[in-house]
There are 2 protein chains.
Amino acid sequence: MLSAIMEDYLKAIYYLQDETDERVRTSTLAEHMDVEQPSVTSMVKKLAERDFIHYKPYKGVVLTDTGIPVVLEIIRHHRLLERYLTERLEYDWAEVHDEADRLEHHISNQFADRIAAQLGNPAVDPHGDPIPTADLDVSPPQSGETLADQQVGDKVRIERVPDNDPDLLRYLSEHGITPKTVVEIVETTSFGMVTLDPDGTDERVALPEEVARSIIAQTLTGASN
Amino acid sequence: MLSAIMEDYLKAIYYLQDETDERVRTSTLAEHMDVEQPSVTSMVKKLAERDFIHYKPYKGVVLTDTGIPVVLEIIRHHRLLERYLTERLEYDWAEVHDEADRLEHHISNQFADRIAAQLGNPAVDPHGDPIPTADLDVSPPQSGETLADQQVGDKVRIERVPDNDPDLLRYLSEHGITPKTVVEIVETTSFGMVTLDPDGTDERVALPEEVARSIIAQTLTGASN
DNA sequence: TTATATATTTAGCCTCGTCTAATTCTCTCC
DNA sequence: GGAGAGAATTAGACGAGGCTAAATATATAA
């Protein structure tokens, strides 16, 4: 068995490796896990010894084929929990993350399967991230256009928002921007600001381009249609 | 904050103290926690230092007024989880214990309150044990008559069954004996055997007197009525 | 190519919760 | 009231996971 902390390291490696497509450096991992570098070194040695990761000293780590399913199981737990908490237990969008981050390590697969069944085996979590199936298949994350790629006048459907910034999530949900909502781009500026109009409201929501680029959206109609 | 293990010690002390009404000896605790005695000594010192228990060397421990609410919170979590798992997630009576024993330490009070609300703030768990309220009131456990106190011919309603023996639970539920079910006492023997007839069935269920004495039941009608 | 800056690892120590072995306390029985 | 038996505690160690300070490897820049 793996400790919750080991699971967290593996999860971090998974996400960081996804971002950079390179070996994950111990310093990156240290920052992400909020520990000092020597702690990382000793932990990656243990994980490497148990064959969850490949560790080349001074060069960083990658998940092995043993490590990947472990992480996918945790991610499945996490995303199902987020879905369950928001959908069945009236959690606020911004509140789910901490609870799910803790519980993901402690629920059994049986528990996960049961809540999945209750929810009708959903494909995505509340942020639009794909939920691995019980046999750990993951649909490739939606890539493609982001809110920053749009033209003024475009109508787009939000597909996926980042899930790691509670403040942003709170802001977005307060302004009615969640996966599945349709918004119109009303303005983009040269100094990096995107302004939106969520469908059916008069409200205008402004976002830094940086943020807009992290929100995946599906174009519905161009201005010219 | 308390570790899950510390919480388990406190919980064990609570139950053991309830049973014997005396100071809980370290040996009892060691057996219950499945560790060696010195481990207990060092743990109770820490718990005493933090004022959750009163520890008198060589004399055992008792919970303090600081420790009691901590335990009640955990018990609330545990019993709500058991109820939720059986009622909403289709867990089997015998399966819930392990899952609840793990999760009780990791769910937030918010989570507990939400599932309590979902369930309509139930007063008892699936075994008939009282669930502490959000402000940690516990209705005194039903005391009174047990299955062993009955006369042949009595009809009784099961109120509460012990929750710590999965095998027994499985046996009872397979034979339709759960809180709220009505049974008739069909036989008691001098060598300590009680035989029951669950209402509406022809089946006969036999239990050792020892076990019958741990099942609380409410008399409905005597044989003579 | 060498020198310096930066990243990483090693060394050694800490706390938590556990263990075994050795010691000390308590209690009972004569 | 003293001698054992039995229970509890102390002593010292270990693995997990963390830290700081020191040493070393890598990368960059002259």
Side-chain angles (χ1 to χ4, degrees), chain A residues 1-14 16-17 19-63 67 70-71 74 101-102 104-106, chain B residues 1-14 16-17 19-63 67 70-71 74 101-102 104-106:
Chain A
M1 267 299 94
L2 253 58
S3 70
I5 289 180
M6 285 178 158
E7 290 184 351
D8 273 333
Y9 272 94
L10 293 177
K11 196 172 65 151
I13 293 167
Y14 180 86
L16 293 171
Q17 156 177 316
E19 271 174 28
T20 65
D21 236 10
E22 285 171 5
R23 300 188 83 88
V24 179
R25 327 195 118 273
T26 53
S27 52
T28 319
L29 211 36
E31 195 187 353
H32 200 267
M33 293 296 295
D34 203 26
V35 296
E36 299 301 318
Q37 288 202 34
S39 309
V40 174
T41 303
S42 79
M43 180 55 89
V44 295
K45 279 184 185 168
K46 278 177 221 159
L47 291 171
E49 211 162 279
R50 296 178 59 178
D51 220 46
F52 295 112
I53 60 178
H54 181 250
Y55 166 51
K56 195 189 281 185
Y58 295 99
K59 299 297 183 179
V61 299
V62 247
L63 287 172
V70 173
V71 174
I74 303 164
D101 254 358
R102 236 176 321 111
E104 63 185 3
H105 305 294
H106 302 291
Chain B
M1 267 300 92
L2 254 60
S3 70
I5 290 180
M6 286 178 159
E7 290 184 351
D8 274 334
Y9 272 93
L10 293 177
K11 197 172 63 149
I13 294 167
Y14 181 86
L16 294 171
Q17 159 178 313
E19 270 174 29
T20 65
D21 235 10
E22 287 172 6
R23 303 187 80 89
V24 178
R25 330 195 114 273
T26 54
S27 52
T28 319
L29 212 34
E31 195 186 351
H32 200 267
M33 293 295 297
D34 203 26
V35 296
E36 299 301 319
Q37 287 202 33
S39 310
V40 174
T41 302
S42 80
M43 180 56 87
V44 297
K45 279 185 185 170
K46 280 179 217 157
L47 291 171
E49 211 162 281
R50 295 178 60 178
D51 219 45
F52 294 113
I53 60 179
H54 181 250
Y55 166 51
K56 196 188 282 184
Y58 296 98
K59 299 296 183 179
V61 300
V62 246
L63 287 172
V70 173
V71 175
I74 302 164
D101 254 359
R102 234 176 323 110
E104 62 185 4
H105 305 294
H106 303 292

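No hydrogens, no waters, no symmetry mates; every other heavy atom, side chains included, goes into these values. Note that this is a predicted model, so its numbers are computed, not measured.
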Pick base, sugar-phosphate or nothing for A:Ser39, based on heavy-atom distances below 4.0 Å to the nucleic acid. base
Between A:Val35 and B:Tyr58, which has a closest nucleotide on DNA chain D that is more 5'? B:Tyr58
Nearest of D:dC19, D:dG17, C:dT8 to any side-chain atom of A:Met43? D:dG17
Without decimals, in angstroms, what is the distance between B:Ile5 CD1 and C:dT18 C1'? 9 Å
Please give, in whole Å, the distance from D:dG17 P to A:Met33 CE? 10 Å
Most 5' of B:Asp34 and A:Pro57 on DNA chain C, judged by nearest nucleotide: A:Pro57
How about B:Arg50 and B:Leu2: do any of their side-chain heavy atoms sit closer than 4.5 Å? yes
Contact class for A:Ser42 vs. all strands (heavy atom < 4.0 Å): base, sugar-phosphate, or nothing? nothing
Write down the distance between CG (B:Leu29) and P (D:dA8), rounded to a whole number of angstrom. 10 Å
Expressed as a whole number of angstroms, how long is the span from A:Tyr55:OH to C:dT8:C1'? 7 Å
Pair B:Met33, B:Val40 - check side-chain contact (heavy atoms from CB on, under 4.5 Å), show working. CA-CA 9 Å; B:Met33 293 295 297; B:Val40 174; 5.5 Å; no
Minimum heavy-atom separation for B:Ser27 to B:Gln37, with atom names? CB-NE2, 3.6 Å
Between P on C:dC25 and NZ on B:Lys56, what's the gap in Å once rounded to a whole number? 17 Å
Interatomic distance, A:Glu36 CD vs D:dT20 P [rounded to whole Å]: 5 Å
Rounded to whole Å, the CD-C1' distance (B:Gln37 to C:dT23) equals 14 Å
Short side-chain N/O contact from B:Tyr9 to OP1 or OP2 of C:dT18, under 4.0 Å: yes
In whole Å, what is the span from the CG atom of A:Leu10 to the P atom of D:dG17? 11 Å
